[in-house]
2 protein chains.
Amino acid sequence: MPEPSETETEAEECCPPDCCDMRGMLSFQILWELSKKPMNGQELAEQIGLRRGTAPSPGTIYPALKELTQKNLISGEKKGRQVVYTLTKEGRVGLEVATRYFYKVFHEIIETAQPP
Amino acid sequence: MPEPSETETEAEECCPPDCCDMRGMLSFQILWELSKKPMNGQELAEQIGLRRGTAPSPGTIYPALKELTQKNLISGEKKGRQVVYTLTKEGRVGLEVATRYFYKVFHEIIETAQPP
DNA sequence: TTAAATGTATCGGGTGCCCAATAAATATTA
DNA sequence: TAATATTTATTGGGCACCCGATACATTTAA
C-alpha cells in the first residue's frame with residue numbers, strides 16, 4: 001500500500017471543527033449510505049469517514065448497526081467473514097421521513113454555505 | 001393569544017422521526033441563528049423550535065450558551081431581565097469553518113431531499 | 001496444522017444533547 | 001410594598017455517539 005497522499009493534493013481539506021461539537025446523526029447517515037448500496041461494517045465506516053474526515057471506530061459503528069437491526073431498519077447477511085447490511089423496506093421509509101426532517105431543519109444552513 | 005392552528009393548515013408538518021436519533025448540532029445551530037440576529041435565550045429556543053418542531057428546554061439551551069460563552073464564541077449583554085447574545089469575531093470564524101464542514105458531510109443528503 | 005490477517009463485536013469511560021423540575025433574579029402589576 | 005410574570009440558571013437522570021483496547025470468529029497463508 002502506498003504512503004498516504006503527497007502527490008494527491010486534494011486529500012481531505014476539511015475536518016471536524018473545534019468551535020462546536022459535530023457528533024450525531026450517525027444512524028441517519030448509515031441509513032443514507034446503505035440506500036446507495038449494501039455494505040459491510042468496515043466499508044460503511046470508510047464511506048462515512050470519507051465525508052466526515054475521520055471514520056467511526058468499531059466501538060461506534062457496530063453498536064449502531066446492532067441498534068438499527070433491532071429496530072428492523074436494516075438487516076445483515078453473512079457473506080464469508082463479513083456481514084453485508086441492506087436497508088429494509090421499513091428502513092427506506094424511515095430514511096425518507098428522516099431526510100425530510102433533516103431538510104427542514106438544516107437546508108437554510110446548507111444554502112448559506114457556498115460550495116468551494 | 002389565539003389557540004394554536006385549526007384554520008392554519010400548515011402548522012408544523014414535520015417532527016423528529018423515530019427511525020433515528022436526530023440530536024446534536026445544537027451549538028452549531030445556535031451560532032447560525034445568532035449570525036442572523038442577536039437574541040436572548042428564549043427567543044433563540046423559539047427560533048430553533050421553529051425549525052426542529054420542538055424547542056429545546058431551558059436545561060438544554062442555557063448550558064449550551066454558557067459553554068459557547070466560555071469558549072468566547074458568543075457574548076451576552078444584559079438588557080433588563082434578559083441577556084442578549086451576539087456572535088464574537090471568533091464565533092463568526094468558527095461558524096464559517098463549521099458550515100463548510102457541515103456542507104461537506106451533508107450536502108449530498110440535503111440534495112437528495114426534494115423540497116415539499 | 002499452525003500462524004497471520006481480516007472482519008465483527010463488546011467493554012469501560014467520556015462528552016454533548018435532552019428533559020422536567022426547581023430555584024433565583026429581575027421587572028411589572030396590584 | 002407585595003404579588004405576579006418573565007427570564008435566566010441549575011440539578012439529576014437518560015441516551016446516542018465516540019474512542020481505544022480487547023476478544024472472538026473466520027478466512028487465508030505458511
Side-chain angles (χ1 to χ4, degrees), chain A residues 1 15-31 33 38-49 51-71 73-85 94 98 102 105-106, chain B residues 1 15-31 33 38-49 51-71 73-85 94 98 102 105-106:
Chain A
M1 197 193 233
C15 274
D18 41 38
C19 93
C20 35
D21 193 279
M22 286 299 201
R23 287 181 302 176
M25 311 288 167
L26 178 63
S27 49
F28 175 53
Q29 212 173 349
I30 290 175
L31 293 186
E33 293 289 350
M39 275 177 277
N40 66 319
Q42 291 220 335
E43 194 180 354
L44 199 42
E46 279 166 26
Q47 281 301 313
I48 293 176
R51 303 184 188 283
R52 295 195 177 188
T54 59
S57 74
T60 300
I61 199 81
Y62 289 112
L65 290 170
K66 190 180 179 183
E67 174 77 14
L68 289 169
T69 302
Q70 283 164 355
K71 283 189 184 169
L73 297 165
I74 66 178
S75 82
E77 188 180 351
K78 288 205 85 169
K79 282 260 169 58
R81 70 184 131 196
Q82 43 195 25
V83 182
V84 176
Y85 289 94
F102 190 81
V105 177
F106 292 115
Chain B
M1 197 193 236
C15 274
D18 42 37
C19 93
C20 36
D21 191 278
M22 287 298 201
R23 287 180 303 176
M25 312 288 166
L26 178 64
S27 50
F28 175 54
Q29 213 173 349
I30 290 176
L31 292 186
E33 293 289 351
M39 274 178 277
N40 67 320
Q42 292 220 334
E43 194 179 354
L44 199 43
E46 280 166 25
Q47 281 301 313
I48 293 175
R51 301 183 191 284
R52 295 196 179 188
T54 59
S57 75
T60 299
I61 199 82
Y62 288 111
L65 290 171
K66 191 181 179 184
E67 174 77 14
L68 288 169
T69 301
Q70 283 163 357
K71 284 190 185 169
L73 296 165
I74 66 177
S75 82
E77 189 179 353
K78 288 206 82 168
K79 282 259 169 60
R81 71 182 130 195
Q82 43 196 25
V83 182
V84 177
Y85 289 94
F102 190 80
V105 177
F106 291 114

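In the text below, chain A, chain B and the rest are named by the order of the sequence lines, each starting its count at 1. Predicted model only: the values in this text are computed from it and were never measured.
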Worksheet item: D/dA9 P sits how many Å from B/Leu44 CG, rounded?
Response: 12 Å
Side-chain donor-acceptor contacts of residues 17-29 of chain B below 3.5 Å, not counting sequence neighbours, with atom names and distances?
from: B/Asp21; atom 1: OD1; to: B/Arg23; atom 2: N; distance (Å): 2.9
from: B/Asp21; atom 1: OD1; to: B/Arg23; atom 2: NE; distance (Å): 3.3
from: B/Asp21; atom 1: OD2; to: B/Arg23; atom 2: NE; distance (Å): 3.1
from: B/Asp21; atom 1: OD2; to: B/Arg23; atom 2: NH2; distance (Å): 3.4
from: B/Gln29; atom 1: OE1; to: B/Arg52; atom 2: NE; distance (Å): 2.9
from: B/Gln29; atom 1: OE1; to: B/Arg52; atom 2: NH2; distance (Å): 2.8

Discussion item. Check this one for me: any side-chain N or O of A/Ser27 less than 4.0 Å away from OP1 or OP2 of D/dC17?
Written reply: yes
Item to complete: Grab the CD1-P distance between A/Ile61 and D/dC18 for me, whole Å please.
Response: 9 Å
Worksheet entry | Positional range of nucleotides in DNA chain C within the contact set of chain A, heavy-atom, under 4.0 Å | C/dA5 to C/dG16
Worksheet item: Can you check whether A/Thr60 has a side-chain N or O nearer than 4.0 Å to OP1 or OP2 of D/dC19?
Response: yes
Worksheet item: How do B/Leu65 and A/Gly59 order along DNA chain D: which one's closest nucleotide is nearer the 5' end?
Response: B/Leu65
Item to complete: Just compare D/dC18, D/dT8, D/dG14 and give me whichever is closest to any side-chain atom of A/Arg23.
Response: D/dC18
Item to complete: Check the distance between D/dA16's P and B/Leu26's CG and give it to me in whole angstrom.
Response: 18 Å
Item to complete: Please figure out whether B/Tyr85 or A/Gly24 has its closest DNA chain D nucleotide nearer the 5' end.
Response: B/Tyr85
Practice prompt. Starting from C1' on D/dC18, measure out to CE on A/Met25 and report it in whole angstrom.
Written response: 15 Å
Worksheet item: Just checking B/Ala45: base, sugar-phosphate only, or nothing, at a heavy-atom cut-off of under 4.0 Å?
Response: nothing
Worksheet entry | Contacts of B/Gln47 that satisfy side-chain hydrogen bond (donor to acceptor under 3.5 Å, both in side chains) - sequence neighbours left out | none
Worksheet item: With sugar-phosphate meaning primed atoms plus P, OP1 and OP2, does B/Phe28 contact a base, only sugar-phosphate, or nothing at under 4.0 Å between heavy atoms?
Response: nothing
